[in-house]
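Some notes on the structure that comes next.
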Amino acid sequence: MRTRFGVLAALLTCVIGTVCAGERVLHVYTWSDYFDSEVLVQFERENNCRVAVDYFESNEAMYAKLKAGGGGYDVITPSSYMSSVMDGQDMLLPLDHSLIPNLDNMDKNWLRMTEDPSMRYSVPYTRTVTGVGYNSDRVKPEDLGSWDIFANPAYARRMTMLNDMRETIGAALKYLGYSLNTTNEAELAAAGEVLQGWKRHLAKFDVDEAKMGLGSGEFHVIHGYNGDVALIMEEVPEIDFFIPKEGSSVASDDFVIAAGTPAADLAHAFINHLLDPEVARITMESIRYFMPNPKAVAELDPELRENNAFNVDDSVLEKCEVIRDLGEDNAKYIRIWDLVKADE
Ligand code: SPD
């Protein structure tokens, strides 16, 4: 069995290509398993540089690291709501569209779901939909379909949920029929109660080890991102994916460039490279996330189009919401999350 998924996740820092003295380096900060390695090598070759990739597991963890002074990153891939937070705090470089001619390949309809429809500071990279990955040898079909699977004691200690405040509180809010962007204190408190109940059955809150555990058989049910599960499905036939009937979250993960980068030219060139239709096709087939690039989508492997984790049905997407930047009301989510995580 190939173990492409999780290999990158296990590495804190991964350097692609050969290091040559005096070579320029582009520092990219992103989610695990989010680039095709050949696509990076091609960029390095064509731009006579090296791409150094470092990983984060949630928007909040990435933001906290940057705020604490960590980094030196040039290109980052936050979800759209976090791009908006970062832009509001002058953490991002305004984009020079003349350096990204492949912006012409962007599906303009897609921009409506982002916080930055004019692409002033961000360019959409992928669509990610959050759901449930499961092992069909271990989970009964009648237990599938709802977020309430996390309340099922039959799978106790074999389940994980994302270590991600907005996603995981969002799952409980959707389960209760509320918006995952609510700022209503009573609704948030109710979601916190639901999570306390689910938590009793969880092995842990986690992102990358959870997906490796689903592939290896350690976990039977994980709260995870569609492309990550699609990647595991490719290698482990008994793994499958569903989006709970109550709805879930859908995100545009963006490219942004850090303010103060010494490599603004390379950073723009990198984004332009990923928007090339052939590069985007290779990327989608490799990382298993949909990209809003119609020319690339037209050339996709038909088998991938049929994968239910990659190609999420419109009727399902209609029940999903985009996580929004809530400004000062974000503190309400932090309070609930701290309580849920308190005695971990
Ligand atoms: N391995 C790639 C994971 C991409 C996750 N997107 C996160 C969306 C968070 N709301």
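Read the numbers this way: they start at 1 and go in the same order the structure lists the ligands and their atoms. Quick note: residue numbers are just sequence positions, from 1. All values reported here derive from a predicted model rather than from experimental measurement.
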- Item | Subset of ligand 1 atoms that lie under 4.0 Å from at least one heavy atom of Asp253 | 4 (C), 5 (C), 6 (N), 7 (C), 8 (C)
- Item | salt bridge (charged side-chain N to carboxylate O under 4.0 Å, His left out) pairs, two or more places apart, involving residues 168-182 | Lys174-Glu321
- Between Arg166 and ligand 1, which part of the residue brings a heavy atom under 4.0 Å of the ligand: side chain, backbone, both or neither? neither
- Task: Classify the angle between the aromatic ring planes of Phe56 and Tyr29 as parallel (below 30°), tilted (30 to 60°) or perpendicular (above 60°).
- Result: perpendicular
- Message: Does the residue Gly227 have a heavy-atom contact with ligand 1, meaning some pair of atoms that are separated by less than 4.0 Å?
- Response: no
- Query: Between the main-chain N or O of Leu92 and the side-chain N or O of Asp87, is there a donor-acceptor pair closer than 3.5 Å?
  - Reply: no
Determine all donor-acceptor pairs shorter than 3.5 Å in which one atom belongs to a side chain in residues 185-195; sequence neighbours excluded.
| from | atom 1 | to | atom 2 | distance (Å) |
| --- | --- | --- | --- | --- |
| Glu187 | OE1 | Thr182 | OG1 | 2.7 |

- Can an N or O of Asp228 be found at a distance shorter than 3.5 Å from an N or O of ligand 1? yes
- Task: Just need the protein heavy atom nearest to atom 10 (N) of ligand 1, so name the residue and atom and give the distance.
- Result: Glu167 OE2, 2.6 Å
- Pick one: which of Thr77, Thr128, Asp228, Thr126 meets side chain to side chain donor-acceptor pair (under 3.5 Å) with Tyr34? Thr126
- Measure the acute angle between the ring planes of Phe150 and Trp198, then classify it against the limits of 30° and 60° as parallel, tilted or perpendicular. tilted
- Message: Distance under 4.0 Å to a non-hydrogen atom of Ser32: what atoms of ligand 1 satisfy this?
- Response: 1 (N), 2 (C)
- Message: Just to check, does Tyr289 reach to within less than 4.0 Å of ligand 1 when the distance is taken from its heavy atoms?
- Response: yes
